[in-house]
2 protein chains.
Amino acid sequence: MANVKFSRQREAIREYLASTKSHPTADMVYNQIQSIYPNISLGTVYRNLNLLVEQGDAIKVSCGDGMEHFDSDTSEHYHFICKNCGDVIDLDMECINHINTIAGSAFDGKIDGSITYFYGICPSCLAETKE
Amino acid sequence: MANVKFSRQREAIREYLASTKSHPTADMVYNQIQSIYPNISLGTVYRNLNLLVEQGDAIKVSCGDGMEHFDSDTSEHYHFICKNCGDVIDLDMECINHINTIAGSAFDGKIDGSITYFYGICPSCLAETKE
DNA sequence: AAAATAATAGTAATAGTTACTGTTATTTTA
DNA sequence: TAAAATAACAGTAACTATTACTATTATTTT
């Protein structure tokens with residue numbers, strides 16, 4: 001991964017992503033970084049987010065709402081998506097890699113991994129409903 | 001679900017979707033139906049596919065390739081996505097709903113369900129690689 | 001058969017994202 | 001450390017998947 005030069009904008013994006021657990025979309029990152037670099041371009045945000053993913057410093061979370069979310073936590077972990085507010089929340093749970101074995105037992109292809117998203121109502125929406 | 005009139009185009013779409021296990025995208029359905037209705041519009045395909053989903057006669061498969069795939073099999077089952085050719089294949093495996101319990105055990109929100117996609121190399125791509 | 005209305009084809013618009021271009025910032029080299 | 005090389009930038013245009021709009025056509029109701 002040579003031919004990559006330092007850039008202030010990329011570092012700002014990297015730092016912001018590392019500072020939040022909110023799994024922001026490119027647009028959310030763009031809005032945040034604008035407070036530091038008012039004329040940063042959305043293209044720059046996309047390019048750098050994708051570069052961070054390529055470099056293994058971030059992952060994409062494709063939770064099915066039509067936008068990519070980004071996460072600086074590259075460790076294996078699971079996400080919950082609130083059907084009410086759309087928030088993406090980290091789940092504290094053990095790995096469930098045994099499901100790959102289950103899936104592979106009657107399948108002739110090679111299973112390298114799986115992605116699981118959990119859906120429901122998040123704690124804060126649950127509290128609002130009860131009011 | 002009243003106020004829904006019969007349409008030849010919708011029935012053709014429904015029949016095509018029922019006849020295939022290929023999990024086609026709207027565009028793939030459009031291309032197929034054109035052999036029956038040469039001037040069907042892509043908008044008609046999208047509208048009817050979404051209607052079938054609303055009526056519970058099909059499901060959307062959002063496997064993360066930027067396009068919605070459609071499936072007339074509305075029973076609970078799992079999908080495998082080939083990282084090489086992008087094919088979406090049904091997996092013959094038991095339900096793994098216990099993972100929802102695992103996920104919920106340390107989470108304050110309400111977990112209604114989960115979606116799992118398995119990734120790897122499909123049998124046919126595996127065969128090509130070995131040549 | 002006529003009136004009502006849902007669905008259509010065709011087209012325009014939208015959202016999220018990527019590509020292009022001339023300029024600027026960073027790095028390399030001498 | 002200045003000049004040359006080049007990656008990254010901002011701004012804009014283009015692209016892809018999808019939805020919305022509109023006048024016309026097909027289906028259903030009366």
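Below, read A as the first sequence line, B as the second, and so on, with proteins coming before strands; counting in each chain starts at 1. Since the model is a prediction, treat every value here as computed from it, not as a measurement.
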message: Expressed as a whole number of angstroms, how long is the span from A/R10:CZ to C/dT26:P?
response: 11 Å

query: Mind checking whether A/H79 and A/H23 have parallel, tilted or perpendicular rings, split at 30° and 60°?
result: perpendicular

query: Rounded to whole angstrom units, what separation is found between the CG atom of A/D65 and the P atom of C/dG16?
result: 9 Å

field: Greater than 12 external heavy atoms within 6.0 Å of A/K21's NZ
entry: no

message: Distance check needed: C/dA7 P versus B/F6 CZ, whole Å only.
response: 12 Å

query: Would a distance-only check, ignoring hydrogens and angles, find a side-chain to backbone donor-acceptor pair under 3.5 Å from A/Y78 to A/I96?
result: yes

A/S114 side chain vs B/T116 backbone, donor-acceptor pair below 3.5 Å: no

message: Could you check whether B/R8 pairs with B/E11 (Lys NZ or Arg NE/NH1/NH2 to Asp/Glu carboxylate O, under 4.0 Å)?
response: no

message: Without decimals, in angstroms, what is the distance between A/E11 CD and D/dA8 C1'?
response: 13 Å

query: Between OG of A/S124 and CG of A/N84, what distance do you get to the nearest 0.5 Å?
result: 8.5 Å

- prompt: Hey, is the side chain of A/S7 poking within less than 4.0 Å of OP1 or OP2 on D/dC9, counting only N and O atoms?
  reply: yes

query: With respect to the phosphate group of D/dT27, does any side-chain polar atom (N or O) of B/R8 fall under 4.0 Å of OP1 or OP2?
result: yes

- request: Nearest whole angstrom, please: distance from the P of D/dC9 to the CG of A/L49.
  value: 11 Å

message: Rounded to whole Å, how long is the line connecting atom CD of A/Q9 with atom C1' of D/dC9?
response: 6 Å

query: Who is the Watson-Crick or G-U wobble partner of D/dT30, with both distances under 3.5 Å?
result: C/dA1

Any residue of residues 34-48 of chain B with a heavy atom less than 4.0 Å from an atom of DNA chain C: B/N39, B/I40, B/S41, B/T44, B/R47, B/N48

- request: Take the protein atom CE of B/M67 and the nucleotide atom C1' of C/dA15, then report the distance between them rounded to whole Å.
  value: 17 Å

message: Distance check needed: C/dA15 P versus B/E68 CD, whole Å only.
response: 17 Å

- prompt: Which part of the nucleic acid, if any, lies within reach of B/D27 when heavy atoms closer than 4.0 Å are counted: base, sugar-phosphate only, or nothing?
  reply: nothing

message: Other residues, nucleotides and ligands only: do more than 12 of their heavy atoms fall within 6.0 Å of CG on A/D92?
response: no

